[in-house]
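Computation of the quantities below employed the complete heavy-atom set of this structure, encompassing side-chain atoms and omitting hydrogens, waters and symmetry-equivalent molecules. Chain letters run A, B, ... following the sequence lines, proteins first, then strands; residues in each count from 1.
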2 protein chains.
Amino acid sequence: MVTLAEVARHAGVSASTVSYVLSGKRSISATTRDRVERSIEELGYHPNAGARALASSRSNIIALMMPLRTDMYVPVMMEIALAVATTARTHGYDVLLLTGEEGPAAVRRVAGSGLADAMILMDVELLDARLPLVREAGRPAVLIGLPADTTGLTCVDLDFAATGALCAEHLAELGHREIAVIGEAAAVYERHTGFAERTVEGLRRRARELGLRTLHRPCEGGYASLAGTLARIFGERPGTTGLVVQNEHAIDPLLSLLREQGRAVPEDVSVVAVCPEQVALQASVRLTSVAIPAQEMGRRAVELVMEKLEGRGRPRSTLLPPELTVRASSGPPPARG
Amino acid sequence: MVTLAEVARHAGVSASTVSYVLSGKRSISATTRDRVERSIEELGYHPNAGARALASSRSNIIALMMPLRTDMYVPVMMEIALAVATTARTHGYDVLLLTGEEGPAAVRRVAGSGLADAMILMDVELLDARLPLVREAGRPAVLIGLPADTTGLTCVDLDFAATGALCAEHLAELGHREIAVIGEAAAVYERHTGFAERTVEGLRRRARELGLRTLHRPCEGGYASLAGTLARIFGERPGTTGLVVQNEHAIDPLLSLLREQGRAVPEDVSVVAVCPEQVALQASVRLTSVAIPAQEMGRRAVELVMEKLEGRGRPRSTLLPPELTVRASSGPPPARG
DNA sequence: CTGAAAGCGCTAACAA
DNA sequence: TTGTTAGCGCTTTCAG
């Protein structure tokens, strides 16, 4: 294994010079730099990560804690994770993948050992068991999701309350008066994951202001479950003309079932989805939707982590503004009677 | 920050004793061990990862290289990754997440710096650009997927040739004579990802033996694309009564379109899918399918890595045997005429 | 602009 | 069963 000392000898300079060439932390004459770089190249030198971490007390690693949930939509999680990983690389950091398996203790282990310089937590719940540990970990952390108490924390999330409101507004403007929300699985609400509840609250509040009647039904996703949900919705509120879906597993079944029931979209029922763009575009009807900006969230989280690692940046929450794109699934309600 | 030396002082023993209590690499009297463990507890000691890595030249980290492809089915990738992470933890290892972004050079960087002790590569292509680097990296590696030349390499994969054969057999036994394969996106074949081609080859070979006619059509997934694919299949081979789908994005559209076209499943057309169990179960018809054992693949990969890290275990490929589960989507073909 | 040298915290011989 | 100690390879003062 090639060491820095060997590079130094080969280039006829001191170890510190090689180190500084690598880090750029002090000015080096062009000739020296050239010589060192050539030696590095020739010898195929790679700085040892462990030695670096020990000497500098920085590992250049960010821990990413993912949940192990089965009820979250996987592609979004994945897109966030990949965005985190690639963005981190552009800042010279690698990403350590932690699953929820280990529980909150993982926070302590990774922070305490200095394995990671900072951490990003995904799928944060309103009262997340990891938060106390994060606060006392003494390492920069960024949450993806919004807990109940954000004091001292930095969070990134889509503004789901505004998202719900936006959906209500869009349907109201089109002239709808009765709308229903097909939500996430019941477990998601019970766990108080925040985003799902915020969407519904935002939608309800705005709907009230606009004089819309609303109904909210959680849904497991899949055909069987959705058939039941749909039946109950139209059973309780036959006048429903607008549906807001926040559940990726419900979208395909929803469109299929509506078609089978002879309800045309958007002539008889308008559908607005809260989902990733790709899902909205690949459905059998191009869906009017509010996009979930997964990549943006991952990217932002890393950038906030970097700010903290560099000493700039204090706790603050970033709520990304929702954007609604009108496509083929929404339109005016059918004429009354 | 609490160091091993402080623990030693606090417990009234030497540093090496603390180290050995931690590693269990030599016998310690019960009393000493107790004292040390109590000190560790009281002081809240966590061994420093960098120092450990430097002194032992082992980071206890496994690198996991994921692709950035958009045409692979994400939940499978994710399931593998999570299985890798949790299994690694049970062996005391953490997982570093590398995306394809950095290209093959990531292999060199991670191996050369000693950041990871071993690596697992996902989505390996027949002629994968990372393989030369893996071979010369001098670190244990396990591939998920099967390249063209496996000499000196350890691979894990579902036996896709046998999978294809199994699908052909099932349909043949039911009495079908003309079957079609709805495959992955064309790009997947062009890239020579192996698994997709192997399935079709295995299916074709067995079909020939059984006297079945076959047709294979790649498909992008989504409604529009699938409608075209389906039209071409039934246009060229009106007698087709069995469909094998190896494309998760095609499943929902396929079932919807068949229904709309008045082709009943399985009365008019049998459908056999190659997909994760969950997908087979959540479709509008419970699908006869060969499962993609994502978790098992992740778990196996880690176990093979561990064997190598412990010195046991030479290069060898593990092909997991496919299992076909008969559900509601396959049955005898309609009576002729 | 460059060098010398003191650690960083831990592991693993080597001794006892 | 336990202690002593020499590094592991790099960063970063402190000197020059």
### Listed partners of A/Tyr20 passing ring-ring contact (aromatic ring centres under 6.0 Å, His included), at least two apart
none

### Task
Scan residues 21-44 of chain B against DNA chain C and write down, sorted by residue number, each residue with any heavy atom closer than 4.0 Å; if none is found, say none.
B/Lys25, B/Arg26

## Note on the structure
With a 4.0 Å cut-off (strictly under) to non-hydrogen atoms of chain A, the first and last hit nts on DNA chain C, 5' to 3', are C/dC1 to C/dG9

### Query
Does a side chain donor of either A/Arg58 or A/Ser56 reach within less than 3.5 Å of an acceptor in the other side chain?
no

### Query
If we fit an axis to the first five pairs and another to the last five of the helix from C/dC1-D/dG16 to C/dA16-D/dT1, what angle do they make, to the nearest 10°?
30°

### Task
Please work out which residues in residues 4-14 of chain A have a non-hydrogen atom less than 4.0 Å from an atom of DNA chain D and list them by number.
A/Leu4

### Query
Sequence neighbours excluded, which residues qualify as ring-ring contact (aromatic ring centres under 6.0 Å, His included) partners of A/Tyr45?
none

## Note on the structure
Applying ring-ring contact (aromatic ring centres under 6.0 Å, His included) to B/Phe195 and not counting sequence neighbours gives B/Phe160

### Summary
By side chain to side chain contact (heavy atoms under 4.5 Å, CB included), A/Pro315 pairs with (sequence neighbours left out) A/Thr154

May I have the list of side-chain donor-acceptor pairs in residues 134-142 of chain A shorter than 3.5 Å, sequence neighbours left out?
from: A/Arg135; atom 1: NH1; to: A/Thr151; atom 2: O; distance (Å): 2.5
from: A/Arg135; atom 1: NH2; to: A/Asp149; atom 2: O; distance (Å): 3.4
from: A/Arg139; atom 1: NE; to: A/Ala111; atom 2: O; distance (Å): 3.1
from: A/Arg139; atom 1: NH2; to: A/Ala111; atom 2: O; distance (Å): 3.3

Can you give each donor-acceptor pair under 3.5 Å made by side-chain atoms of residues 75-83 of chain B, sequence neighbours left out, with the distance rounded to 0.1 Å?
none

### Task
Check each residue of residues 52-61 of chain A for a non-hydrogen atom within less than 4.0 Å of any atom in DNA chain C, then write out the ones that pass by number, or none.
A/Leu54, A/Ala55

### Query
On DNA chain D, which is the earliest and which the latest nucleotide, 5' to 3', with an atom closer than 4.0 Å to a heavy atom of chain B?
D/dT1 to D/dG9

